[in-house]
K.L.:
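To start, I am sharing the structure in question, which I have written as structure tokens.
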Amino acid sequence: VLIFLQIVLFNHIHLHGFIGPYIYPLFILLLPLRISRSQLLLLSFAMGLSIDIFSNSGGIHAMAAVAVAFFRPILLQSLLPGGKLEENARPDLQKLGFVSFSLYAGILLFLLHLFVNLLDIFGFQDFGFTFLKSLLSGQKKFSRQNLPKVQTKVRLLLKLKRFSLV
């Protein structure tokens with residue numbers, strides 16, 4: 001379902017021409033804790049490869065998804081309240097709490113966007129621009145209340161790019 005929604009709907013949404021939402025990482029974020037690291041990496045690779053095949057993106061999403069899957073257990077270990085959750089648990093808002101889950105999802109989504117954008121330009125030549133683009137893409141809420149803030153950030157980003165400050 002996530003692959004279908006990503007390909008049919010979310011791949012065609014571009015805010016200000018370059019900020020695109022990704023929902024397929026929810027698959028990686030919400031996988032149960034009981035799966036092994038190798039299963040996590042393989043499932044993440046399969047999800048990313050599926051997006052790449054239908055988006056014609058040459059493996060960018062597969063590499064980024066595997067990178068996020070690699071960092072997931074490390075991040076969960078550092079954010080878990082009391083050090084551990086039961087094995088069958090999924091790392092969700094209810095189990096982790098609002099602050100821990102927000103940090104967990106925010107960091108991993110930012111990493112995914114950063115990897116996708118760096119692999120897309122295939123280098124570090126415009127790292128500042130790529131970093132800001134990743135930060136803006138990782139924002140979860142593009143509601144009407146937040147739209148003016150996003151538009152202001154995008155205008156600033158474009159001005160900085162025009163003057164080669166980023």
Side-chain angles (χ1 to χ4, degrees), residues 1-15 18-124 127 130-143 146 150 153:
V1 175
L2 287 177
I3 295 171
F4 177 77
L5 286 173
Q6 183 68 52
I7 293 162
V8 172
L9 180 64
F10 290 101
N11 277 358
H12 301 288
I13 298 173
H14 298 287
L15 300 171
F18 64 92
I19 299 172
Y22 297 129
I23 63 161
Y24 74 89
L26 288 174
F27 174 77
I28 300 166
L29 295 176
L30 298 176
L31 281 171
L33 298 174
R34 73 174 179 269
I35 66 171
S36 69
R37 189 173 203 124
S38 57
Q39 287 175 322
L40 175 65
L41 293 170
L42 283 171
L43 287 170
S44 299
F45 176 76
M47 173 62 84
L49 187 62
S50 300
I51 299 299
D52 284 327
I53 288 170
F54 292 107
S55 301
N56 198 22
S57 53
I60 290 172
H61 293 280
M63 287 186 268
V66 168
V68 166
F70 177 80
F71 287 111
R72 178 184 181 251
I74 298 165
L75 187 61
L76 274 172
Q77 229 172 10
S78 65
L79 291 176
L80 285 176
K84 259 196 169 185
L85 283 175
E86 59 265 11
E87 255 187 58
N88 291 334
R90 291 178 183 264
D92 59 14
L93 185 62
Q94 187 178 21
K95 298 275 194 258
L96 292 176
F98 180 76
V99 173
S100 292
F101 184 77
S102 296
L103 278 171
Y104 163 69
I107 291 169
L108 287 182
L109 289 173
F110 170 73
L111 285 174
L112 180 105
H113 284 94
L114 185 64
F115 286 127
V116 165
N117 291 321
L118 284 174
L119 291 168
D120 189 30
I121 64 167
F122 206 65
F124 292 96
F127 183 76
T130 304
F131 184 82
L132 288 174
K133 181 179 172 183
S134 301
L135 195 60
L136 290 173
S137 294
Q139 286 186 352
K140 285 176 143 183
K141 295 183 180 180
F142 287 110
S143 65
N146 289 342
V150 172
K153 289 178 185 176

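All values reported here derive from a predicted model rather than from experimental measurement.
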K.L.:
Could you state the interatomic distance from CD1 (I107) to CG (L29), rounded to the nearest 0.5 Å?
P.N.:
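One finds 11.5 Å between CD1 of I107 and CG of L29.
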K.L.:
Could you tell me which non-hydrogen atom of A69 sits nearest to which non-hydrogen atom of L40, and how far apart they are?
P.N.:
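Answer, listing the atom of A69 first, then L40: O-CD2, 3.3 Å.
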K.L.:
Do you know the tightest heavy-atom contact between P91 and L30?
P.N.:
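Result for this residue pair: O-CD2, 3.5 Å.
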K.L.:
Is there side-chain contact between L41 and S38, with at least one heavy-atom pair below 4.5 Å?
P.N.:
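They are not in side-chain contact.
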K.L.:
To the nearest 0.5 angstrom, please state how far the CG atom of L31 sits from the CG atom of L26.
P.N.:
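If I round to the nearest 0.5 Å, the distance is 10.5 Å.
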K.L.:
How far apart are the closest heavy atoms of V116 and H61, and which atoms are they?
P.N.:
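Heavy atoms only, the tightest pair is CG2-ND1, 3.9 Å.
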K.L.:
Does NZ or CZ of R37 fall inside the cone over F70's six-membered ring, less than 6.0 Å from its centre and within 45° of the axis?
P.N.:
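Here R37 passes the 6.0 Å and 45° test against F70.
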K.L.:
Between Y24 and L112, is there a side-chain heavy-atom distance shorter than 4.5 Å?
P.N.:
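The answer is yes, as the side chains (C-beta and beyond) meet within the 4.5 Å cut-off.
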K.L.:
Is the shortest side-chain heavy-atom distance between L103 and L96 below 4.5 Å?
P.N.:
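The answer is no, as the side chains (C-beta and beyond) never meet within the 4.5 Å cut-off.
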K.L.:
With rounding to the nearest 0.5 angstrom, report the OG to CG distance, S44 to L49.
P.N.:
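The distance works out to 12.0 Å.
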K.L.:
To check you understand the geometry: which heavy-atom pair defines the closest contact between M63 and L119, and what is its length?
P.N.:
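Taking every non-hydrogen atom into account, CB-CD1, 3.7 Å.
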K.L.:
Give me the atom names and distance for the closest heavy-atom approach of L33 to R72.
P.N.:
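Scanning both residues completely, I find the closest heavy atoms to be CD2-NH2, 4.3 Å.
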K.L.:
Could you report the tightest heavy-atom contact between A65 and I28, atom names first, then the distance?
P.N.:
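Result for this residue pair: CB-CD1, 3.7 Å.
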